[in-house]
Amino acid sequence: MRESEILEKIRSSPGYPSRERFIKGPVCVIECPEEIPCDPCSQVCPFEAIDVGRPITNLPKLIEDRCTGCGLCITACPGLAIFVVNLNYSPGEASISMPYEFLPLPDVGQQVEMLNREGSYVCKGRIVRVNEGEDHTRVVTVAVPKEFYEHARGIKLISGKVR
Amino acid sequence: MDAELSVIGSGPAGLSAAIESAKYGVRVELIDENILPGGQLFKQIHKFFGSKKHYAGVRGYDIGWRLLREAEDAKVNIRLNTTVWGIFQSSNNRIGLFDQQRVFFSKPKRLVIATGATENPLSFPGSTLPGVMGAGAVQTMMNIHRVLPGRRVLMVGAGNVGLIVSYQLLQAGAEVAAVVEAMPKIGGYLVHALKLMRTGVPILTSHTVLEARGDKEVESAVIASLDKDCRIVKGSEKELDVDLVCLAVGLKPDAELCRMLGCGFTYVPFLGGRVPIHNEDMETTIPGVYVAGDVSGVEEASVAMEEGRLAGISVAESLGYISEGEAEKEKDEIKERLRDFRIGPFGSPRQEGKDKILTEYKRWFSNEGKRDS
Ligand SMILES: Cc1cc2nc3c(=O)[nH]c(=O)nc-3n(C[C@H](O)[C@H](O)[C@H](O)COP(=O)(O)OP(=O)(O)OC[C@H]3O[C@@H](n4cnc5c(N)ncnc54)[C@H](O)[C@@H]3O)c2cc1C
Ligand code: SF4
Ligand code: SF4
């Protein structure tokens, strides 16, 4: 499947923030566009910014003005489908926080290659934070040039291995 | 003293059935041929989907531990290393067991068969070479015994099992050269596919494995693309340098015991093929014999747990441990949750399958004449 096709599908789901919301700062991006029986994202959010309701196969809906970008939902999602994007990380960069379940962990400051949803190279990135996270799921935050905020979703450690 | 209920298989379905009936006072024995209880759960190192009630977001093995603790609290008698090799309807569903030392029999009043599923094979030149194995075996070696069965892998099948096991292979340090899928689209959940794709693993739809090559073990594999009619596109063959070909091409109910017992069967492709006919309480066409989990149609652990609970409550009810009214209330809640699970593009074909099984159940007894209990 192509990146454009996947992004199209994700953008038209109720979990994807609007451009206006992205501009305001850190926000949760839910990339879960299929009706699967799952709802921990909605249970964990302290601000009730994600709604699944009943039946449990409903698509998760982001109530974007309630979301603070706290990132709690990232590790709660068993599908590893939630990211937090901060378009205002620095004048030229956006930051993307994502779940990470591989070893070794990257180091803060390390240069990495960013891949998109179909596994193709997008841009260089710089690790800016590595959090312990919950239950063996770490949260890694990467700074990337602003224009790639919608595309950079995977990390490849330059040291060699595809990760 | 013989148990009132024997539950065969200690996966999520069997554990739940045993816990639920024991809670109401039924004397339960839980039997498994493995040296550890838990069925598939202890291989599942990923976080499960579902709702809070089903431990969503909890890793499979942690769900296993929780269920085991509940079973112990409910005083379920767990008998491991013991295979049930036969059930005999002619002698009131007497079961034959083998505990690695002796063969013996027992005659519980009720039976829950929760034996899970078996993997489908696939044959192609080289498929008998060491290094070609099922996803279940790969998972067991890697996640239970901590042995990595290969360094560079070709995964065959992009259903949830193929996608999840590929991801787990990456976590264990292997490289996944590609996932090939004969269908034109990915069968599993997109979220599982995406977590694999964004590490750079290609998922090749409309592709199949043609051959595994190697002298004594797999050294490479040949893949090719398929056209609309599933014919190999000439000239599209490609040889991949791999030492493991992992097959994840579907599961089917492990219903040998039901077959031996003479249970009625029906064919439901979306639930893994031939499944034992059962009613809403999970009772088969043989009175007193229940099924739950993958053996009654391949779905997932959350469904297996709910079906196990249903069977457990029904057994407690049929033995007089709970009133009909109380049982109905409990069962209705479970049935509602099960219906909720079976909505949407992935769920509704399963709901249709389950509906067909219920219809077949009714037809079975109208054909057989009156049901004798
Ligand atoms: C890779 C993979 C990923 C999965 N991911 C998920 C997920 O994310 N979420 C989810 O909900 N589900 C998931 N599942 C599905 C889930 O594991 C199964 O649906 C579930 O385990 C079925 O439970 P069960 O109790 O029916 O069978 P099992 O767990 O298979 O247990 C059957 C037990 O019966 C025993 N047994 C069989 N025959 C006999 C006999 N004759 N005598 C004695 N013992 C016997 C076996 O040893 C086994 O322990 C996944 C499955 C796989 C393979
Ligand atoms: S980032 Fe925080 S506030 Fe936003 S949806 Fe997730 S948990 Fe809720
Ligand atoms: S927890 Fe993740 S996989 Fe589950 S519904 Fe929410 S976003 Fe989708």
Side-chain angles (χ1 to χ4, degrees), chain A residues 1-3 6 9-10 13 30-44 52 54-59 73 75-83 98-104 113-122 134-137 151-157 161-163, chain B residues 44-60 62 158 160 164 167-168 170-177 184-186 188-205 299-300 302-303 336-348 350:
Chain A
M1 232 190 302
R2 314 295 308 177
E3 165 82 10
I6 304 165
K9 193 165 168 156
I10 287 169
S13 77
I30 309 172
E31 309 209 346
C32 177
E34 287 174 337
E35 292 162 302
I36 57 176
C38 186
D39 73 357
C41 50
S42 69
Q43 310 267 343
V44 79
V52 173
R54 280 210 48 205
I56 190 172
T57 46
N58 286 343
L59 296 182
C73 50
T75 52
C77 169
L80 307 188
I82 299 186
F83 303 80
M98 54 183 83
Y100 197 77
E101 293 186 332
F102 294 113
L103 290 171
E113 291 183 352
M114 300 303 294
L115 305 182
N116 66 12
R117 297 175 188 81
E118 61 170 320
S120 306
Y121 173 82
V122 180
E134 279 290 315
D135 189 21
H136 305 294
T137 306
H151 297 286
R153 288 294 180 270
I155 300 171
K156 182 175 173 177
L157 301 189
K161 278 204 163 174
V162 180
R163 269 309 122 79
Chain B
Q44 312 299 2
I45 59 171
H46 59 288
K47 293 176 177 172
F48 273 26
F49 292 124
S51 70
K52 202 161 182 192
K53 177 110 191 157
H54 305 101
Y55 316 100
V58 179
R59 293 183 190 275
D62 283 327
N160 278 332
I164 292 172
Y167 184 75
Q168 293 177 353
L170 294 180
Q171 289 181 303
E175 254 181 87
V176 179
K185 68 188 272 283
I186 292 167
Y189 296 159
L190 186 62
V191 287
H192 282 318
L194 286 176
K195 66 188 201 194
L196 202 58
M197 285 159 71
R198 61 175 179 258
T199 68
V201 172
I203 301 178
L204 308 172
T205 49
E299 294 187 71
E300 37 193 47
S302 28
V303 167
E336 197 174 313
R337 285 199 297 271
L338 278 170
R339 271 193 298 275
D340 272 8
F341 266 126
R342 294 178 180 138
I343 295 179
F346 294 96
S348 48
R350 298 196 257 121

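Lettering follows sequence order; numbering is per chain, from 1.
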Study note, to complete from the structure: Whatever's closer than 4.5 Å to a heavy atom in chain B on A:Asp39 counts as both
Point to revise | No-hydrogen, no-angle side-chain donor-acceptor test under 3.5 Å, B:Ser51 and A:Arg54 | key: no
Revision key, fill the gap. So, the part of A:Ser42 with a heavy atom under 4.5 Å from chain B: the answer is neither
Practice item. Rounded to the nearest 0.5 Å, what's the gap from NZ on B:Lys195 to CE on A:Met98? Could you check? Key: 15.5 Å
Check your understanding: What option among A:Pro78, A:Gly119, A:Cys32, A:Cys41 has the most heavy-atom pairs under 4.5 Å with chain B?
Key -> A:Pro78
Exercise for review: Go through the atoms of A:Met114 and report whether side chain, backbone, both or neither lie under 4.5 Å from a heavy atom of chain B.
Suggested key: neither
Exercise for review: Would you give the length of the straight line joining atom CZ of B:Arg337 to atom CD1 of A:Ile56, rounded to the nearest 0.5 angstrom?
Suggested key: 10.5 Å
Point to revise | Contact summary for B:Gly57 and A:Pro40, nearest pair of heavy atoms | key: N-CG, 4.3 Å
Revision key, fill the gap. Residues at least two apart in sequence or cross-chain that pass side chain to side chain contact (heavy atoms under 4.5 Å, CB included) with A:Thr57, listed by chain then number, are A:Glu35, A:Pro37, A:Pro55, B:Ile343
Practice item. Might you work through the side chain to side chain contact (heavy atoms under 4.5 Å, CB included) test for B:Ile45 and A:His136, ending with a clear yes or no? Key: CA-CA 10 Å; B:Ile45 59 171; A:His136 305 294; over 6 Å; no
Study note, to complete from the structure: Here the pair of heavy atoms bringing A:Thr137 nearest to B:Arg59 is OG1-NH2, 3.0 Å
Review point. Tell me, side chain or backbone of B:Phe341 under 4.5 Å from chain A's heavy atoms, or both, or neither?
Key: both
Point to revise | Side chain to side chain, A:Ile6 and B:Met197, heavy atoms closer than 4.5 Å | key: yes
Review point. What is the distance from atom CD of A:Glu118 to atom CG of B:Leu194, rounded to the nearest 0.5 Å?
Key: 11.0 Å
Practice item. Check each atom of A:Leu59 against the heavy atoms of chain B and say whether the ones under 4.5 Å are side chain, backbone, both or neither. Key: neither
**Study point:** Per-residue contact mode, B:Ile186 against chain A (heavy atom under 4.5 angstrom)
**Key:** side chain
Practice item. Please step through salt bridge (charged side-chain N to carboxylate O under 4.0 Å, His left out) for the pair B:Arg198 and A:Glu31, ending with a clear verdict. Key: CA-CA 13 Å; B:Arg198 61 175 179 258; A:Glu31 309 209 346; 5.6 Å; no
Check your understanding: Taking atom CG of B:Leu190 and atom CD1 of A:Ile36, what is their separation to the nearest 0.5 Å?
Key -> 9.0 Å
Practice item. Name all residues meeting the side chain to side chain contact (heavy atoms under 4.5 Å, CB included) criterion together with A:Val44; count only those two or more places apart in sequence or in a different chain, and write none if there are none. Key: A:Cys73, A:Ala76
Review point. Could you state the interatomic distance from CG (A:Leu80) to CG (B:Leu196), rounded to the nearest 0.5 Å?
Key: 11.0 Å
**Study point:** Atom group of A:Glu101 that falls short of 4.5 Å from chain B, counting heavy atoms
**Key:** both
